[in-house]
Each structure stands twice: as structure tokens, then as C-alpha cells.
Asks: 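This is the structure I have questions about; it appears just below.
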Amino acid sequence: MTVTTLDRPVTDTAASTAATPAVAVLIPCYNEEAAIASVVRDFRAALPDATVYVYDNNSSDRTVEVARAAGAVVRHEPLQGKGNVMRRMFSDIEADVYVLVDGDDTYHAPSAPLLVKRLWEDQLDMVNGARVTDIVAAYRPGHRFGNLLLTGMVANIFGNRIGDMLSGYRVFSRRFVKSFPALASGFETETELTVHALELRMPIAEIKTPYKDRPPGSHSKLNTIRDGVRILKTILILVKEERPLPFFFAIFTALAAAALILAWPVLATYMQTGLVPRFPTALLSTGLMLLGFLSLTCGLILDTVTHGRREMKRLRYLAIPAPGNHPPLAGGRP
């Protein structure tokens with residue numbers, strides 16, 4: 001039997017692993033009363049053997065009651081922000097495969113089995129559901145442009161392996177989840193997830209999935225400018241922490257260039273007259289050059305430290321069995 005995905009055909013053969021993975025569907029939620037019932041029902045239908053978890057993040061509407069009535073296991077995270085909810089979910093839930101999806105009923109639940117199948121059979125650590133839609137209201141031009149811009153920045157710095165970095169629809173292996181140092185508090189957590197996979201050079205894939213607009217009564221919590229700035233700030237912080245030498249070398253280059261520009265007229269006057277009449281400028285250029293070399297030194301030291309941290313993260317990652325080549329967790333379901 002051949003199942004055709006939007007990305008490539010996946011063939012069900014006898015070579016496929018016989019073990020059935022324990023799958024957990026993780027849904028972070030904040031005021032999604034209008035959408036959460038459909039999300040829970042659709043994913044329970046698409047993945048009937050999975051456990052669906054809804055993590056409520058201080059909702060003021062009936063999200064909890066509606067999710068529980070739809071058949072989800074409802075838990076709570078009091079710290080506000082999607083990143084905080086992600087940290088709690090990844091800490092609490094034990095499974096072989098984790099399906100992460102937003103609770104706004106915009107992602108395509110019938111694609112979930114294909115994403116899980118791709119991850120399990122190809123022994124991947126992350127399968128990203130890239131959004132595909134012609135509905136303008138679902139994927140506004142400002143959000144589309146921001147996603148392309150931020151994804152392009154990450155691709156140029158960490159590797160061009162993901163086309164939709166800000167997608168909220170992903171499937172993870174256990175070794176990804178349990179080796180992920182979740183530090184973000186808000187929507188910038190998607191950037192952390194992507195960079196974590198790229199930095200450890202994990203086997204990953206991306207499958208195009210349909211994307212639709214929210215149902216009536218459901219409203220986006222995303223602020224284009226505020227959250228875009230937060231994501232950009234997260235990218236800069238991750239560059240500093242994961243690529244310290246290029247980061248501090250760029251600062252060194254800027255400071256050294258400014259110092260040379262300021263010093264050139266002073267040096268030219270000294271060559272002609274033997275005097276330094278612009279003494280404050282000379283001191284400023286000297287200070288800038290010293291700061292530049294200090295920045296370069298910091299980059300060299302932190303690059304060594306980062307290399308050690310990357311090795312430790314890699315060893316932690318390797319300590320967890322890969323998907324598809326080991327028996328499922330005891331009891332089958334989480």
C-alpha cells in the first residue's frame with residue numbers, strides 16, 4: 001500500500017518497524033473555547049491510539065471544560081507564554097513520538113499520521129509541518145513576510161533545512177524532546193526548536209500541510225510587531241550563544257573600522273607636523289581599538305566554551321534511543 005503525502009510517497013512495506021510507538025498529542029491553549037473541541041476531536045480521529053493532552057495557560061473562558069468534554073487530558077501551566085507551556089509539556093509527558101499543534105484549529109489533523117509515519121520509519125528527530133494556504137485571512141501577508149525574513153536569517157546562520165520556521169505543527173522524537181533545553185517563554189520557542197535541531201545536525205524533514213483560517217469566535221494571540229521583535233531578539237541571542245566567534249568578530253570589525261576612520265586624520269597630521277593636536281580623537285580611536293580586540297578575545301574564549309557545550313548536548317542526545325529501532329515504552333501508551 002502506498003500513501004502519498006504532499007511531500008513524497010511513503011511506502012508501507014514489511015521492512016517497516018513492527019513496534020507501535022506511543023504517541024502523545026500536545027496542545028498548548030489560551031482562550032481557545034471556540035476551536036479546541038474540533039482540534040481534540042480531529043486529532044483523536046486521526047491518531048486513535050494517541051493520548052491528547054491540552055495544557056491550559058490561564059484561560060479565562062471555557063477552554064478547560066470544552067477540551068475535557070471532547071476527550072482530552074487537561075493539565076495546567078500557570079506561567080504565561082507558549083514557551084513556558086512547552087517546557088512543562090516536554091518535562092511532564094513520556095512518549096515515543098510527540099505531535100505538537102496549536103489549539104486554534106488552523107492545522108490539518110489528517111496529516112498527522114503521515115508526519116508520524118515519516119518520523120518513525122525514517123528515524124528522524126523532527127518533522128515540520130510547513131503551512132500551505134491560499135486563504136489570505138489565515139496567513140496574512142505581514143506574517144508571511146515576517147516568517148520568510150526570520151526563517152531566512154536562521155537559514156543563513158544555522159543552515160537552510162527548514163522553510164517554515166514558525167510553524168506550530170511539528171512531530172518530535174523522544175530524544176529531541178528530552179534533550180531540548182527549553183528556555184524561551186513566548187512565541188519565540190519555535191525559533192529555539194529549529195535552532196536546536198540545526199545545531200545538533202539532527203535528521204529532520206519538512207512536509208507541506210494544509211493551513212486554514214480560525215473558526216468564528218477564535219482570535220489570534222500573536223502581535224505581529226511585538227512578537228516579531230521578540231523572535232528577532234531570540235535569534236540574536238542564539239547567534240551569540242551558539243556562534244560566539246562570528247558574533248564577536250562582527251563587533252570587532254565594526255569597532256576596528258570606526259577606530260581606523262577616526263585615527264586616520266590624526267595619523268596624517270602627525271606624519272606631516274609631528275604633532276597630535278586632536279588628542280581626544282586619538283584617545284577615542286585607541287579605546288575603540290582596544291574594545292575591538294577585547295571583543296575578539298571574548299569570541300575566541302566563548303567559542304571554545306560553546307564547543308564543549310555542544311559536545312555535552314550531543315552526548316545527552318545520543319544517550320536516548322533513536323525512534324523506530326527500539327521497543328515502545330512499557331504499557332504502550334504514555
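Throughout, residue positions are numbered sequentially from 1 according to the sequence presented.
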Asks: For a 4.5 angstrom cut-off between non-hydrogen side-chain atoms, does Phe180 reach Leu193?
Replies: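 In contact.
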Asks: Quick one: closest heavy-atom pair of Ala37 and Val66, and the distance?
Replies: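 Minimum heavy-atom contact is CB-CG1, 3.5 Å.
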Asks: Measure the shortest side-chain to side-chain distance between Val97 and Trp120 over non-hydrogen atoms and say whether it is less than 4.5 angstrom.
Replies: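 When only atoms from C-beta onward are counted, Trp120 and Val97 do touch, with a gap below 4.5 Å.
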Asks: Using a strict 4.0 Å threshold on nitrogen-to-oxygen distance, state whether Lys212 and Asp105 make a salt bridge.
Replies: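 Yes, this pair counts.
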Asks: Atom CD1 of Ile162 and atom OG1 of Thr151: how far apart are they, to the nearest 0.5 Å?
Replies: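 Going from the CD1 atom of Ile162 to the OG1 atom of Thr151 covers 9.0 Å.
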Asks: Quick one: do Met202 and Ile157 end up in the same hydrophobic cluster if we chain Ile, Leu, Val, Met, Phe, Trp and Tyr together by side-chain heavy atoms under 4.5 Å apart?
Replies: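 Yes, Met202 and Ile157 fall within the same hydrophobic cluster.
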Asks: Do the side chains of Lys313 and Glu242 get close enough for a salt bridge, i.e. N-O under 4.0 angstrom?
Replies: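 Looking at Lys313 and Glu242, the cut-off is met.
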Asks: Could you tell me whether Tyr107 and Tyr169 have their ring centroids closer than 6.0 angstrom?
Replies: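 Yes: the rings meet the under 6.0 Å criterion.
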Asks: Any idea which heavy atoms bring Ser185 and Arg230 closest together, and the distance?
Replies: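 It is OG-NH2, 3.1 Å.
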Asks: Where do Asn57 and Gly81 come nearest, in terms of heavy atoms and distance?
Replies: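 Residues Asn57 and Gly81, closest heavy atoms: OD1-N, 2.9 Å.
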Asks: Would Phe172 and Phe90 count as a ring-ring contact (aromatic ring centres under 6.0 Å, His included) if you check the C-alpha gap in whole Å, the side-chain angles of each, and the deciding distance to 0.1 Å?
Replies: CA-CA 10 Å; Phe172 303 104; Phe90 284 5; 5.8 Å; yes
Asks: Among the clusters formed by ILVMFWY side chains lying less than 4.5 Å apart, do Val239 and Leu255 turn up in the same one?
Replies: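 Val239 clusters together with Leu255.
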Asks: If we ignore hydrogens and angles and just use 3.5 Å, is the side chain of Glu192 paired with the main-chain N or O of Leu183 as donor and acceptor?
Replies: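 Indeed, once roles are kept as given, a pair shorter than 3.5 Å links the two residues.
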Asks: Do other residues, nucleotides or ligands put more than 12 heavy atoms under 6.0 Å from the CZ atom of Arg44?
Replies: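 Atom CZ in Arg44 is not packed in, count stays at 12 or less.
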Asks: Do you know which two heavy atoms are closest between Pro323 and Ser173, and how far apart they sit?
Replies: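 Result for this residue pair: CG-CB, 3.8 Å.
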Asks: Quick one: do the Asp164 and Asn147 side chains pair a donor with an acceptor below 3.5 Å?
Replies: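 Distance-only check passes for Asp164 and Asn147.
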Asks: Please walk me through it: do Glu32 and Arg62 pass salt bridge (charged side-chain N to carboxylate O under 4.0 Å, His left out)?
Replies: CA-CA 8 Å; Glu32 293 293 357; Arg62 297 181 61 252; over 6 Å; no
Asks: Are Leu79 and Ile27 connected in the hydrophobic side-chain network, where two residues link if heavy atoms are under 4.5 Å apart?
Replies: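 Hydrophobic grouping puts Leu79 apart from Ile27.
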Asks: Considering only heavy atoms from C-beta outward, does the side chain of Leu302 approach that of Glu241 to under 4.5 Å?
Replies: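 When only atoms from C-beta onward are counted, Glu241 and Leu302 do not touch, as no gap falls below 4.5 Å.
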Asks: Is Arg174 salt-bridged to Asp96, going by a charged N under 4.0 Å from an acidic O?
Replies: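 Looking at Arg174 and Asp96, the cut-off is not met.
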Asks: Kindly write out the residues that satisfy salt bridge (charged side-chain N to carboxylate O under 4.0 Å, His left out) with Arg161, not counting sequence neighbours, or none if the list is empty.
Replies: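 So Arg161 forms no salt bridge (charged side-chain N to carboxylate O under 4.0 Å, His left out) with any residue.
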Asks: Is any NZ, NE, NH1 or NH2 atom of the basic residue among Glu206 and Arg170 found under 4.0 Å from an Asp or Glu carboxylate oxygen of the other?
Replies: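 Salt bridge flag = no for Arg170 with Glu206.
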Asks: Given Asp122 and Lys117, is the side-chain contact (heavy atoms from CB on, under 4.5 Å) satisfied, shown in steps?
Replies: CA-CA 8 Å; Asp122 291 357; Lys117 183 181 180 71; over 6 Å; no
Asks: Same cluster for Phe293 and Leu260 if Ile/Leu/Val/Met/Phe/Trp/Tyr side chains link at under 4.5 Å?
Replies: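 Same hydrophobic cluster.
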Asks: In terms of side-chain geometry, is the basic nitrogen of Asp102 or Lys82 positioned less than 4.0 Å from the acidic oxygen of its partner?
Replies: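 Lys82 and Asp102: salt-bridged.
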Asks: With heavy-atom distances below 4.5 Å as the criterion, would you say the side chains of Thr209 and Leu114 are in contact?
Replies: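 They are not in contact (no side-chain heavy atoms under 4.5 Å apart), so the answer is no.
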Asks: Donor-acceptor pair, distance only, cut-off 3.5 Å: does the side chain of Glu188 make one with the backbone of Thr234?
Replies: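 No, the answer is negative, given that no donor and acceptor are paired below the 3.5 Å cut-off.
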Asks: With a 4.5 Å limit on heavy-atom distance, are the side chains of Leu166 and Thr191 in contact?
Replies: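 Yes, their side chains come closer than 4.5 Å.
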Asks: I need the Ser167 OG to Ile207 CD1 distance, nearest 0.5 Å.
Replies: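 The OG atom of Ser167 sits 11.5 Å away from the CD1 atom of Ile207.
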Asks: Using a distance-only test with no angle check, is there a side-chain donor-acceptor pair under 3.5 angstrom linking Ser59 and Asp56?
Replies: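 Per modelled atom types, Ser59 and Asp56 side chains form a pair under 3.5 Å.
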Asks: Between the side chains of Arg175 and Asp125, is the shortest nitrogen-to-carboxylate-oxygen separation below 4.0 Å, so that they form an ion pair?
Replies: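 Here Asp125 pairs with Arg175 in a salt bridge, since their nearest N and O are under 4.0 Å apart.
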Asks: Looking only at heavy atoms, which two atoms of His196 and Ser179 are closest? And how far apart?
Replies: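 Heavy-atom minimum between the residues: CE1-O, 3.1 Å.
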Asks: Between Pro215 and Asp104, which heavy-atom pair has the shortest distance, and what is it?
Replies: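 Minimum heavy-atom separation between Pro215 and Asp104: CD-O, 3.4 Å.
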Asks: May I ask whether Ile320 and Val127 are part of the same hydrophobic cluster, defined by side-chain heavy atoms of I, L, V, M, F, W, Y residues being less than 4.5 angstrom apart, directly or through others?
Replies: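 No; tracing contacts between hydrophobic side chains, which count when under 4.5 Å, never links both residues.
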Asks: With side chain to side chain donor-acceptor pair (under 3.5 Å) as the test, pick out the partner of Glu311 among His307, Arg314, Arg309.
Replies: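 Output: one option passes, namely His307.
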Asks: Main chain of Val266, side chain of Arg278: is a donor-acceptor contact present, judged purely on distance under 3.5 Å?
Replies: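 No, the answer is negative, given that no donor and acceptor are paired below the 3.5 Å cut-off.
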Asks: Which residues pass the salt bridge (charged side-chain N to carboxylate O under 4.0 Å, His left out) test with Glu199, sequence neighbours left out?
Replies: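 Only Arg243, Arg310 meet the salt bridge (charged side-chain N to carboxylate O under 4.0 Å, His left out) criterion with Glu199.
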Asks: Any side-chain donor paired with an acceptor under 3.5 Å for Asn84 and Glu77?
Replies: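 There is no such pair (donor and acceptor under 3.5 Å, judged by atom type) between the side chains of Asn84 and Glu77.
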